[in-house]
Amino acid sequence: MGIFSDLDKKLTDNRYEHGSQLTDPSADLPRRVKERVDLLMPFIQPEAREAVRLQILGIIHEHILDETEIGPGEPAAKE
């Protein structure tokens, strides 16, 4: 096999092993966040629901406040 074939195989194997974390924005979000987003879906046009759901979860995932970042004593930690 050529060098590119070996690299492609390694990348493909890695993607199958860890792909859900890269393609699913809700992979590490709490279940209650996903449930809340699902409650919004009746207000979205049926053909756009999955795309909107993924966008919302992606935004939440990108901007989620982790208690370790803000500290447990700060007001944002209680929200």
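One is the number of the first residue; the rest follow in order along the sequence. Just so it is clear, the structure is predicted and the values come from calculations on it, not from any experiment.
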#### Entry: side-chain contact (heavy atoms from CB on, under 4.5 Å) between Val52 and Leu40, worked out
CA-CA 10 Å; Val52 171; Leu40 296 171; over 6 Å; no

### Task
Decide side-chain contact (heavy atoms from CB on, under 4.5 Å) for His61 and Leu57; before the verdict, give the C-alpha distance in whole Å, the side-chain angles of both, and the deciding distance to 0.1 Å.
CA-CA 6 Å; His61 183 266; Leu57 291 171; over 6 Å; no

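To the nearest 0.5 angstrom, Ile59 atom CD1 is 7.0 Å from His63 atom NE2.
For Arg49, the side-chain contact (heavy atoms from CB on, under 4.5 Å) partners two or more places apart in sequence, or in a different chain, are Met41, Ile44, Pro46.
Counting heavy atoms from C-beta outward, Val37 and Ile60 have side chains that approach closer than 4.5 Å.
Judged as a salt bridge (Lys or Arg N to Asp or Glu O under 4.0 Å), the pairs with a partner in residues 35-48 (not counting sequence neighbours) are, in order, Arg31-Glu35, Asp38-Arg53.
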